[in-house]
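Working notes, structure below.
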2 protein chains.
Amino acid sequence: MPFTTERTSPADEGARGRFERIYQTLRMRICLLDYAPGERLREEDLAQEFGVSRTPIRRVLVKLEAEGLLRSVHGVGTIVSDIEVEELAQVYELRVELAELVGKLSPVAVDGGLVARFREIKERCDQMVRKADPREFARINMEFFHLFNSLTTNVPLREISERLYYQTTRIWLKTASRLGGYEQLLNNEFVIFQREVADIAEAVENGDLAAASHVRRAHIAMSFSRIRRAAESAGGTLLRTAGAGSEAARG
Amino acid sequence: MPFTTERTSPADEGARGRFERIYQTLRMRICLLDYAPGERLREEDLAQEFGVSRTPIRRVLVKLEAEGLLRSVHGVGTIVSDIEVEELAQVYELRVELAELVGKLSPVAVDGGLVARFREIKERCDQMVRKADPREFARINMEFFHLFNSLTTNVPLREISERLYYQTTRIWLKTASRLGGYEQLLNNEFVIFQREVADIAEAVENGDLAAASHVRRAHIAMSFSRIRRAAESAGGTLLRTAGAGSEAARG
DNA sequence: CCGCGTGATGTTGTGCACAACAAGAGGTGG
DNA sequence: CCACCTCTTGTTGTGCACAACATCACGCGG
């Protein structure tokens with residue numbers, strides 16, 4: 001995790017550090033479906049959990065809202081954003097292009113450390129496939145994304161790719177998990193991701209970042225194709241409704 | 001009437017409308033150099049001007065900070081972001097690619113209304129050249145950007161292009177205005193922009209959005225080339241220091 | 001004359017109480 | 001029995017006082 005590099009001890013963190021910590025934590029929770037799309041967050045609860053008042057919490061929520069992950073409505077609550085399949089298609093359409101740009105715009109010089117990091121994540125990916133834990137899968141997927149993103153030195157491109165990643169990955173995870181009852185689709189995603197990591201790692205070892213970005217581009221496009229197909233086969237309501245299933249199961 | 005779809009009438013605007021109004025106002029001021037890069041803003045002054053307390057102002061500032069236009073430092077102030085020429089190069093590098101994507105990703109269907117809007121802005125552009133008012137130039141440039149951006153229906157692409165535009169256009173304007181003492185560079189930008197609008201308007205009339213985006217791409221790239229050249233000829237300090245220009249021109 | 005600690009001053013960050021607002025429960029008249 | 005109105009409840013938005021922090025001027029000692 002490139003984010004949790006807490007050089008400052010938990011005790012003497014200033015206002016800036018506290019803000020960053022809460023922000024990263026909430027974003028991770030949204031991305032890992034700890035907060036499901038459509039779920040309502042209460043500022044008071046968050047304030048109590050992090051040991052602060054509502055004021056700094058609101059700061060974080062405003063930023064997350066600016067990134068499209070939340071939506072605050074006066075008198076109602078703060079709601080985790082859901083996303084329609086048409087809108088998701090647009091985001092993926094753009095992500096595909098940005099992935100290719102990572103290999104074209106200001107690519108980094110490949111050194112031993114970079115290759116080692118790709119090999120290391122490939123190893124962990126191979127081990128992870130046996131466990132088949134969705135949460136761990138999501139975490140490695142995120143880590144791999146950041147590693148791939150570091151192949152360009154173009155800061156705006158990195159920031160925008162990251163923002164779009166966080167907008168979409170939770171929807172992808174939700175779709176895969178929802179159909180995980182068969183455990184076939186999710187396992188399928190595991191294997192495909194394993195291949196993607198292996199291919200890109202090899203391309204990076206060869207110093208061919210353009211090839212790496214093309215592989216990445218293709219996988220992102222195919223990933224959304226699978227999502228769309230799964231959504232359509234589920235009757236199209238998959239990506240819209242959030243938690244009506246468990247409510248109906250109450251008895 | 002549970003609906004709150006009020007047209008944001010000036011009198012009874014709700015909390016949401018007030019937030020949006022202040023946000024747009026401040027962003028426009030930053031973009032039009034009413035607040036110069038490096039300038040320090042005081043929350044108390046803004047609160048007094050808009051007739052509210054510091055709290056809603058801070059909401060707006062947090063959002064503007066998330067977009068990279070501001071930077072708040074505890075105990076110091078909120079400072080309008082400046083940008084180094086290397087960083088500016090990265091943003092332009094990305095803007096160039098995104099401009100081309102506007103013509104490729106989900107292009108809109110060209111109808112009479114769209115053509116009319118391009119013609120109308122071309123007319124106003126031709127009239128504006130005679131006056132040579134930098135502020136009016138910046139405003140039409142912004143308007144034309146939004147019009148060009150509306151050529152795609154891809155919402156994330158529009159949002160990101162807009163964000164990058166607001167990050168860079170003020171620096172471009174600053175560079176052109178700073179060298180406006182000769183009044184040649186600024187006038188040059190006027191004429192070039194006029195040609196760009198004419199070319200793109202014609203491409204749109206022909207329904208060839210790909211051509212329009214290629215023209216746009218070329219002009220964005222050339223625009224940055226001119227900025228870089230101007231910055232280098234000014235000794236490289238142009239884009240970094242705020243008020244040293246007049247001192248350097250002395251003697 | 002210079003380096004340095006120390007307090008004054010101004011700014012953003014935080015906590016808390018209250019206002020504005022939306023949604024649902026419950027009563028009431030038809 | 002139903003439609004509608006009102007009140008209650010819970011949430012986000014706002015205002016204000018104070019704390020945390022950075023900067024700079026001033027004075028002191030060397």
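Sequence lines set the chain letters: A, B, ... in the order given, protein chains first and strands last, and positions in each chain run from 1.
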Just call it for A/Glu44: base, sugar-phosphate, or nothing, with non-hydrogen atoms closer than 4.0 Å on any strand. nothing
Search all heavy atoms of A/Ser81 against all heavy atoms of A/Pro37 and return the closest pair with its distance. O-CB, 3.7 Å
Given D/dT12, is OP1 or OP2 found less than 4.0 Å from the side-chain N or O atoms of A/Arg42? no
Rounded to the nearest angstrom, tell me the gap between atom CD in B/Glu43 and atom P in D/dT14. 14 Å
Taking side chain to side chain donor-acceptor pair (under 3.5 Å) as the criterion, tell me which of A/Lys63, A/Arg59, A/Glu67 meets it with A/Tyr23. A/Glu67
Once side chain to side chain donor-acceptor pair (under 3.5 Å) is applied, what residue pairs with a partner in residues 32-44 of chain B remain, sequence neighbours excluded? B/Arg29-B/Tyr35, B/Asp34-B/Arg135, B/Arg42-B/Asp45, B/Glu43-B/Arg54, B/Glu43-B/Arg58
Can you measure B/Ile79 atom CD1 to C/dT11 atom P for me and round it to whole angstrom units? 12 Å
Could you state the interatomic distance from CZ (B/Arg95) to CD1 (B/Ile220), rounded to the nearest 0.5 Å? 4.5 Å
Flag the pair B/Leu69 / B/Leu26 as yes when at least one side-chain heavy-atom distance between them is below 4.5 Å, and no otherwise. no
What residues from residues 18-27 of chain B pass a heavy-atom cutoff of under 4.0 Å to DNA chain D? B/Arg18
Examine D/dC16: is either OP1 or OP2 under 4.0 Å from a nitrogen or oxygen in the side chain of B/Thr55? Give yes or no. no
Report yes or no: do B/Gln90 and B/Glu86 form a side-chain donor-acceptor pair below 3.5 Å? no
Please tabulate, one pair per line, each protein N/O and nucleotide N/O from nucleotides 18-23 of chain D that are separated by under 3.5 Å, including the distance.
from: D/dA20; atom 1: N3; to: B/His74; atom 2: NE2; distance (Å): 3.0

Send over the distance from B/Ile57 CD1 to C/dT11 P, rounded to a whole Å. 15 Å
B/Arg71 CZ to C/dT11 C1': how many Å, rounded? 14 Å
Residues at least two apart in sequence or cross-chain that pass salt bridge (Lys or Arg N to Asp or Glu O under 4.0 Å) with B/Arg71, listed by chain then number, are none
Nearest whole Å is fine: how far is C/dG15 P from A/Gln48 CD? 13 Å
Atom-pair distance (CZ on B/Arg59; P on C/dT12), nearest Å: 19 Å
Flag if over 12 foreign heavy atoms under 6.0 Å of CD, A/Gln48: no
Applying the ring-ring contact (aromatic ring centres under 6.0 Å, His included) criterion to A/Trp172, which one of A/Phe137, A/Phe145, A/Tyr92 satisfies it? A/Phe137
Distance-minimising heavy-atom pair for B/Ala36 and B/Val80: O-CB, 3.5 Å
B/Glu120 bridged to B/Arg124 by N-O distance under 4.0 Å: yes
Nearest 0.5 Å, what's the CD1-CZ distance between B/Ile160 and A/Arg163? 6.0 Å
Rounding to a whole Å, what distance do you find between A/Arg40:CZ and D/dG10:P? 11 Å
If I take atom CG in residue B/Leu64 and atom P in nucleotide C/dT12, what distance separates them, rounded to the nearest angstrom? 14 Å
Which comes earlier along DNA chain C counting from the 5' end, the contact point of A/Val52 or that of B/Leu41, where each point is its nearest nucleotide? B/Leu41
Under 4.0 Å: is that the gap between some side-chain N or O of B/Thr78 and OP1 or OP2 of C/dT11? no
Min side-chain heavy-atom separation B/His146-B/Met142 under 4.5 Å: yes
Considering only side-chain heavy atoms of B/Ser53, which listed nucleotide, D/dG15, C/dG15, C/dT12, is closest? D/dG15
Side-chain H-bond candidate by donor/acceptor type, A/Asn154 with B/Glu93, under 3.5 Å: yes
Is there any protein nitrogen or oxygen under 3.5 Å from a nitrogen or oxygen in nucleotides 5-9 of chain C, and what are the pairs?
none

For DNA chain D, write out the stems as range with range, using runs of 3 or more consecutive Watson-Crick or G-U pairs with both distances under 3.5 Å. C:1-30 with D:1-30
